[in-house]
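Taking it in order: structure first as structure tokens, then the write-up.
Lettering follows sequence order; numbering is per chain, from 1.
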Protein chains: 2
Amino acid sequence: MSLTIKDVAEKAGVSVTTVSRVLNDRGYISAKTRKKVMTTMEELNYTPNEMARSFLSNKTRFIALIVPTTENPFFGELTFHIEKELAQKGYNLFICNSLNDVDNEKKYLRLLQEKRVDGVIVGSHNININEYEYFENKIVSIERELTAHIPIIQSDNYLGGKLAAQELVDKGCKRILCIRGDQHIKTPANDRATAYKDVMEENGLNYSFKEVPFQLQDQEKEALIDQIFAGEVVYDGIFAGDDIIAKMCINSAIVHGKSVPEELKVIGFDGTKIVRQLNPELSTIIQPIEKLAQKSVKILLAVLNEEKVNQVTKLSVKLLASNSTKR
Amino acid sequence: MSLTIKDVAEKAGVSVTTVSRVLNDRGYISAKTRKKVMTTMEELNYTPNEMARSFLSNKTRFIALIVPTTENPFFGELTFHIEKELAQKGYNLFICNSLNDVDNEKKYLRLLQEKRVDGVIVGSHNININEYEYFENKIVSIERELTAHIPIIQSDNYLGGKLAAQELVDKGCKRILCIRGDQHIKTPANDRATAYKDVMEENGLNYSFKEVPFQLQDQEKEALIDQIFAGEVVYDGIFAGDDIIAKMCINSAIVHGKSVPEELKVIGFDGTKIVRQLNPELSTIIQPIEKLAQKSVKILLAVLNEEKVNQVTKLSVKLLASNSTKR
DNA sequence: TTGAAAGCGCTAACAG
DNA sequence: CTGTTAGCGCTTTCAA
């Protein structure tokens, strides 16, 4: 068992209160006493028990982040930036991979209550669950509509959808498919589909959707995508749900004897660092991941501080149009 | 403030001890009392305060993971698997991005002591720091040599280096460069360099190294890599430190007018899921990330349980040789 | 089978 | 300026 404040107090010949005062730099203390206590703490190599303090203050300085999986680079990068931001503000990050499974998410929410985390950032995507209500005064969400009162930080998905669709149109595509997620999940990402539809209509083109739920396994996604190219391929452009799906489309198209980008142009979404490094030739919409992280943390801390915050925060996105002759 | 065990006790007309017994399923309790307490807990929607329990038991059921950054897909994937594994065993994950900075790492270690995490998994890479000694009975490391007593879980780097070098030789390369990390950091990854050297010598070829420290910024790495191709390029094969560096080499080579893979063959290391999805044409050595995660957790829990464990655990790697005509 | 009371390490009145 | 004391919510003896 480690040393306590009491050990320090005894060794230094003062009361525990005095040690506590030094520790927290609170109240009047003579320079001499402070010095003595500090020295003693060092000699003993005393480490305050944050657990006890948390218990007392009812604050853990833990923030939980619920994401589908940090395996996905969007969330891996988001996690990194959120942790960095939180650490700077003196908070620590408790990671929860929900795998987009409702039961997992419920279990985690229960756990978070028990562990008394100070706040929660949700980036997972599910049908809504009531359990979020419990956290209403200490939660924000990234790209997901939870309840009417939970602040949401999101990319400008409409703009993203518009830029993507317009890019394909500008490159001469006439029959463009939009791959979207599960329609029944309320997420700002749905705005992309709306924007796509609007662009198509403005340009007098037909629109068509294919649903590839985000929570599927990669193999299942690939199977769905293969369906697109299995029969006679009627598309010359695809606006994919994310960069990985975009890549899957490209792979499938090539396997099915389609040349990319000559016969088929594909545009992705997310534009994570790793995708841009590995596939710079992929056109995509870049989400401001670092800013999403910063805003989320900022707004969450404001909420915890009982300040008034905007219900919706929308951040701009950018088109990364590949000039490459390859794609 | 949330409800306490006392509220439940009062409402149920029993003592707090009894409620505690129900909560922990310990000691003798009549079925009737148990039922009454359970019902009351539900009615009140009582959530036990895990913080208080932690405080008492001196166990937080938190495990910390120190990685350079979850932004890097190797660590993003590792984080995912470790969290999944821990959650299954009833532990939660506290993430620390060290950015391979010694000061960050020291700060985190201090924090981990204060927060009284039950254990630590380290995947960060630095010069050794003494602070780890404090954790000797509750720590394991992934691919990093900390102290003589800290168990290490690693890939078979020698095998990886051998497979990679041999692959390049087999493909006909004669002048192969090995890009390695900082020589002064003690890591099993150094074995790759040894294996490479051995293979070169076996084949009567000259070996040569280029140091690209892992902790540099991407831009700095690119600058170092550009140096390789800036002058007259003497290499026809490169064994890169990881897949991202491999890709940087390919990019730089192409920019400098070299054709890949005709004039230059490159092999990477790590073989993360995302890299295989986005760049299936890149030859690489696949690290068993999921197994590394599982073993790390298993061994850490054994350590916490005061069981005897192996000081070194080595997991096999696989060559992913691209058949693609493209690279 | 149940309850009373002590105490985990720390902070915060309240005295002195 | 410093010390005494009373808890925070829970578990754990020890009694009943």
| request: Can you sort out the partners of B:Ser15 under side chain to side chain contact (heavy atoms under 4.5 Å, CB included), two or more places apart, ordered by chain and number? | output: B:Thr17, B:Thr18
What side-chain donor-acceptor pairs closer than 3.5 Å can you find for residues 288-308 of chain B, not counting sequence neighbours?
residue	atom	partner	partner atom	Å
B:Ser296	OG	B:Leu292	O	2.5
B:Asn305	ND2	B:Glu307	OE2	2.8

| Stem list, DNA chain C (Watson-Crick or G-U pairing under 3.5 Å, at least 3 consecutive pairs) | C:1-16 with D:1-16
| How does protein reach along nucleotides 10-16 of chain D, written 5' to 3' as B (base within reach of a heavy atom under 4.0 Å), S (only sugar-phosphate), or - (no contact)? | BBB----
| said: I need the CG-P distance between A:Asn58 and C:dA12, as an integer number of Å. | reply: 13 Å
| message | Applying salt bridge (Lys or Arg N to Asp or Glu O under 4.0 Å) as the test, list every pair that has at least one member in residues 18-36 of chain B; sequence neighbours left out. | response | B:Asp25-B:Arg34
| field | Residue list, side chain to side chain donor-acceptor pair (under 3.5 Å) with B:Thr69, at least two apart or on another chain | value | none
| task | Tell me what A:Ser57 touches on the nucleic acid: a base, only sugar-phosphate, or nothing, going by heavy atoms under 4.0 Å. | result | nothing
| query | Please give, in whole Å, the distance from C:dG9 C1' to A:Met41 CE? | reply | 15 Å
| task | Respond yes when some side-chain nitrogen or oxygen of A:Thr18 is under 4.0 Å from OP1 or OP2 of D:dG3, and no when none is. | result | yes
| field | salt bridge (Lys or Arg N to Asp or Glu O under 4.0 Å) partners of residues 62-73 of chain B, not counting sequence neighbours, each pair once | value | A:Lys273-B:Glu71
| said: Rounded to whole Å, how long is the line connecting atom CD of B:Glu10 with atom C1' of D:dG9? | reply: 13 Å
| request: Any salt bridge (Lys or Arg N to Asp or Glu O under 4.0 Å) involving residues 131-143 of chain A? Give me the pairs, sequence neighbours left out, ordered by first then second residue. | output: none
| Would you call the rings of A:Phe62 and B:Phe62 parallel, tilted or perpendicular if under 30° counts as parallel and over 60° as perpendicular? | parallel
| Separation of A:Lys59 atom NZ from C:dT11 atom P, in whole Å? | 15 Å
| remark: Applying salt bridge (charged side-chain N to carboxylate O under 4.0 Å, His left out) to A:Glu114 and not counting sequence neighbours gives A:Arg110
